[in-house]
Amino acid sequence: MSSQYQTISSLPHHVGETVRVRGWVAHLRSSGKVAFIVMRDGSGILQCVVVQKIVGDTGWETFSALTLETSVEIEGEVRADARAPGGVEVGVTNMIVIGTSPVDYPIQPKEHGIDFLLDHRHLWLRSSRQVAIARVRAEIEQALNDFFYERKFVRVDTPILTSAIGERSGLFSTEYFDEGNAYLAQTGQLYGEAAAAALGNIYTFGPTFRAEKSKTRRHLTEFWMLEPEMAFVDSAGNMQLQEEMIEYVVKRCIERCSAELAVLERDMPKLEAIRAPFPRIDYTDAVTTLQGKGSAVQWGDDLGAEDESLLVADYATPIFVVNYPKEAKAFYMKENPADPRTVLCSDMLAPEGYGEIIGGSQREDDLDRMTQRIKDEGLSVEAYDWYLDLRRYGTFVHSGFGLGLERTVTWICGIPHIREAIAFPRTMYRLRP
RNA sequence: UCCCCAGUAGCUCAGUUGGUUAGAGCAUUCGACUGUUAAUCGAAGGGUCGUAGGUUCAAGUCCUACCUGGGGAGCCA
């Protein structure tokens, strides 16, 4: 990278110096013979002041021809000025157009409908709010990787193309040579379990796919999931790691993303309140509580979105709901020895009504019981032969969970809809851009 | 798959019990202005009212179907 250019974010350290900056025109204001270019370069927003008698007639013509989103290079002196957003501005002495932009740039500094914005997602990404979300997302991903690296977890990348295996929900399928259909992975967990028997503590982090016709603010058909798997760790240890992880990630965002969270107008005290440990609520108790609050939920039902909100309303931190009925959960979860109607699992529900961000469990480690559960679910034992090998050859207590990245981003950013939490959201009706 | 809602200018919307030539703001073009903060002021251009039928003397407005989205449910991260 050439050092003769400065990023906008670095300019407060260059007051009094002449600098060159490259970026895009975000806004234009003219007032006779003095004009303002608001420029963005991804690192920040800069007010550039153009005065006709300084830039001369040629420079003024260059300015007059500028349009929104033209890419430009400007040169000038950095000066502190209270009237400039961010406190510094550049007095332009020279200006070069890099790439012009027609006057019909679709996204204006005003409100747009969501349909229009999603159709122009490739351009919408340039707006300050979307830039802020993208930066918070990247920080969350980095924090997660750091958290597991510090704890000596090994990152294992699992296949996206799989044979039919995993959970019951919808699969995307595609032809796969002479092997019949391949399916896009909806979890890396089963592969993660195999890797845990090799490496001890591992995690996977990658895209995952659900062909469900979900139309809600919490669902995408393609989303990123982080799935740790830990050998010789039970359900209690599983939850302890989860709450440490969430506390770590939230703290990192508060430390390093305060500017982005300010753009998003995030209620910071609500994030600052996120401290482990988080409450554990037994599913059976949760049902009683919910019925007391007027919910129609019956023991045995999974908790609906409204039930989750009701439950979380009493807490400032995320909560765990533990030990759901067997019928409501996946076949690989270990039966609860204290209550065989239930399994050793935990869902983490985020505060402020953001809902489930983590689903985790201790895995069934008994070969016979696992085989029976696969049969009970109407699944093919042959398809799971390699998975059963993990119980056949040196079975081990192990636990893990799946963290939904976009749901976590949505919650930490305090934004209303999951589709803003990923650069190019894939939903039922959106495959482009 | 089910329930609800919406489609009028490039964008965001208004449009009365059906009634003259379809309205505004923003954006665009032209003009004014030496410190603007989504600048302001003046002027101009810009429409197959989602599509197809139907009712009516008359439909942006009422009816039917379809299309395209949005919100929610279920499922889950």
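No hydrogens, no waters, no symmetry mates; every other heavy atom, side chains included, goes into these values. Chain letters run A, B, ... following the sequence lines, proteins first, then strands; residues in each count from 1.
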> Given that A:Val51 and A:Ile418 both sit by RNA chain B, which one's nearest nucleotide is further toward the 5' end?
Replying inline: A:Val51
> Looking at A:Lys251, A:Arg252, A:Arg155, A:Arg256, which one forms a salt bridge (charged side-chain N to carboxylate O under 4.0 Å, His left out) with A:Asp146?
Replying inline: A:Arg252
>> Counting only side-chain heavy atoms from C-beta out, which of B:U34, B:G35, B:C76 sits nearest to A:Glu308?
In response: B:C76
> A:Ile358 has an atom CD1; how far is it from atom P of B:C76, in whole Å?
Replying inline: 17 Å
Which atom pairs, one a donor and one an acceptor, fall under 3.5 Å between side chains of residues 45-63 of chain A and the rest of the protein, sequence neighbours left out?
| from | atom 1 | to | atom 2 | distance (Å) |
| --- | --- | --- | --- | --- |
| A:Gln47 | NE2 | A:Glu89 | OE1 | 3.2 |
| A:Thr62 | OG1 | A:Thr58 | O | 3.0 |

>> Looking at B:A38, which nucleotide sits across from it as a Watson-Crick or G-U wobble partner, both distances under 3.5 angstrom, or is there none?
In response: none
>> Quick check on contacts: within residues 130-144 of chain A, what sits under 4.0 Å from RNA chain B by heavy-atom distance?
In response: none
Tabulate atom names and distances for all N/O pairs under 3.5 angstrom spanning the protein and nucleotides 1-6 of chain B.
| from | atom 1 | to | atom 2 | distance (Å) |
| --- | --- | --- | --- | --- |
| B:U1 | OP1 | A:Lys213 | NZ | 3.1 |
| B:U1 | O4 | A:Lys213 | O | 2.9 |

>> Could you tell me if the side chain of A:Pro425 sits less than 4.5 Å from the side chain of A:Arg121, heavy atoms only?
In response: yes
> Do any side-chain nitrogens or oxygens of A:Arg419 fall under 4.0 Å of OP1 or OP2 in B:G71?
Replying inline: yes
>> What's the closest nucleotide to the side chain of A:Val34 if the choices are B:A38, B:C76, B:U34?
In response: B:U34
> Hey, is A:Glu364 close enough to A:Arg373 for a salt bridge, meaning N to O under 4.0 Å?
Replying inline: no
> Contact class for A:Gly113 (heavy atom, under 4.0 Å): base, sugar-phosphate, or nothing?
Replying inline: sugar-phosphate
> Where along residues 280-306 of chain A does a heavy atom fall under 4.0 Å from RNA chain B?
Replying inline: A:Asp302, A:Gly304, A:Ala305
> Which residue pairs pass the salt bridge (Lys or Arg N to Asp or Glu O under 4.0 Å) test with at least one member in residues 63-74 of chain A, sequence neighbours excluded?
Replying inline: A:Arg20-A:Glu73, A:Arg40-A:Glu69, A:Glu69-A:Arg126
>> Rounding to an integer number of Å, can you tell me how far A:Glu227 CD sits from B:C76 C1'?
In response: 13 Å
> Charged N to carboxylate O under 4.0 angstrom, A:Glu139 versus A:Arg135?
Replying inline: no
Check nucleotides 22-26 of chain B against the protein and report each pair of N or O atoms closer than 3.5 Å, with its distance, or say if there are none.
| from | atom 1 | to | atom 2 | distance (Å) |
| --- | --- | --- | --- | --- |
| B:G25 | N2 | A:Lys110 | NZ | 2.4 |

>> Would you say that more than 12 heavy atoms from the other residues, nucleotides or ligands in this model lie under 6.0 Å from the CZ of A:Arg151, or not?
In response: yes
> Using atom C1' of each nucleotide, how far apart are B:A52 and B:C13 to the nearest Å?
Replying inline: 27 Å
>> Assess whether a salt bridge exists between A:Asp339 and A:Lys326, defined as any Lys/Arg side-chain N lying under 4.0 Å from an Asp/Glu carboxylate O.
In response: no
> To the nearest Å, how far apart are A:Arg210 CZ and B:G74 P?
Replying inline: 16 Å
> Does a side-chain N-to-carboxylate-O contact under 4.0 Å join A:Glu352 and A:Arg266?
Replying inline: yes
> With a non-hydrogen cut-off below 4.0 angstrom, is A:Ser30 in contact with a base, only sugar-phosphate, or nothing?
Replying inline: base
> Which whole-number value in Å describes the distance from A:Glu111 CD to B:C11 P?
Replying inline: 15 Å
> So which nucleotide from B:G35, B:A77, B:C11 ends up closest to the side chain of A:Glu356?
Replying inline: B:A77
>> Taking only the P atom of each, what is the distance from B:A59 to B:C49 in whole angstrom?
In response: 12 Å
> So what does A:Pro106 hit on the nucleic acid, given a heavy-atom distance under 4.0 Å: a base, only sugar-phosphate, or nothing?
Replying inline: nothing
>> By the 4.0 Å heavy-atom rule, please label A:Glu406 as base, sugar-phosphate, or nothing.
In response: nothing
> Pairs in or reaching into residues 126-145 of chain A: which pass ring pair (Phe, Tyr, Trp, His ring centres under 6.0 Å), with residues at least two apart or in two chains?
Replying inline: none
>> Taking the P atom in each of B:G60 and B:G18, what is the distance between them to the nearest angstrom?
In response: 13 Å
> Is A:Val103 touching bases, backbone alone, or none of the nucleic acid, heavy atoms closer than 4.0 Å?
Replying inline: sugar-phosphate
>> Please determine whether side-chain hydrogen bond (donor to acceptor under 3.5 Å, both in side chains) holds for the pair A:Asn145 and A:Glu141, giving the CA-CA distance in whole Å, both sets of side-chain angles, and the decisive distance to 0.1 Å.
In response: CA-CA 6 Å; A:Asn145 280 315; A:Glu141 290 186 326; over 6 Å; no
> If we take the C1' atom in both B:G10 and B:G74, what is their distance in whole Å?
Replying inline: 39 Å
> Quantified in whole Å, what is the C1' atom distance between nucleotide B:U20 and nucleotide B:A58?
Replying inline: 12 Å
>> Between P on B:C33 and CD on A:Gln52, what's the gap in Å once rounded to a whole number?
In response: 10 Å
> Base, sugar-phosphate alone, or nothing: which one does A:Asp115 contact when heavy atoms must sit under 4.0 Å apart?
Replying inline: sugar-phosphate
> Is there a residue in residues 53-74 of chain A whose heavy atoms reach under 4.0 Å of RNA chain B, and which residues are they?
Replying inline: A:Lys53
>> Closest approach to the side chain of A:Ile114, judged atom by atom: which nucleotide of B:A73, B:G70, B:U34 is it?
In response: B:G70
>> Need one value for A:Tyr429: base, sugar-phosphate or nothing, where a base atom within 4.0 Å counts as base even if backbone is also close, heavy atoms only.
In response: sugar-phosphate
> In the strands shown, is B:A6 matched to any nucleotide by a Watson-Crick or G-U wobble pair with both distances under 3.5 Å, and which?
Replying inline: B:U68
>> I want to verify a distance call: between B:A73, B:G35, B:C76, whose nearest atom is closest to the A:Thr216 side chain?
In response: B:A73
> How far does the C1' atom of B:A27 sit from the matching atom of B:A44, given to the nearest Å?
Replying inline: 14 Å
> Under the side-chain hydrogen bond (donor to acceptor under 3.5 Å, both in side chains) rule, what pairs show up with a residue in residues 296-310 of chain A, not counting sequence neighbours?
Replying inline: A:Thr284-A:Trp299, A:Ser295-A:Asp307
> Can A:Asp81 and A:Arg83 be counted as an ion pair, charged N to O under 4.0 angstrom?
Replying inline: yes
>> If we check side chain to side chain donor-acceptor pair (under 3.5 Å) with A:Tyr332, which of these qualifies: A:Gln362, A:Glu193, A:Gln189?
In response: A:Gln189
>> Tell me whether the side-chain N/O atoms of A:His417 come closer than 4.0 Å to OP1 or OP2 in B:G71.
In response: yes
>> Could you report the tightest heavy-atom contact between A:Tyr248 and A:Ala143, atom names first, then the distance?
In response: CE2-O, 3.2 Å
>> According to salt bridge (Lys or Arg N to Asp or Glu O under 4.0 Å), does anything in residues 411-424 of chain A pair up with another residue at least two apart or in another chain? List the pairs.
In response: A:Arg129-A:Glu420
> On a whole-Å scale, what distance lies between the P atoms belonging to B:U61 and B:U56?
Replying inline: 16 Å
>> One thing to verify: whether A:Lys334 and A:Asp365 come together as a salt bridge, which I'm taking to mean a side-chain N less than 4.0 angstrom from a carboxylate O.
In response: yes
>> So if I take residues 218-226 of chain A and measure heavy-atom distances to RNA chain B, which residues fall below 4.0 Å?
In response: A:Arg218, A:His219, A:Leu220, A:Phe223, A:Met225
>> I'd like the C1' distance from B:G23 over to B:G69, given in whole Å.
In response: 25 Å
Check nucleotides 45-51 of chain B for protein N or O atoms closer than 3.5 Å to its own N or O atoms and list the pairs.
none

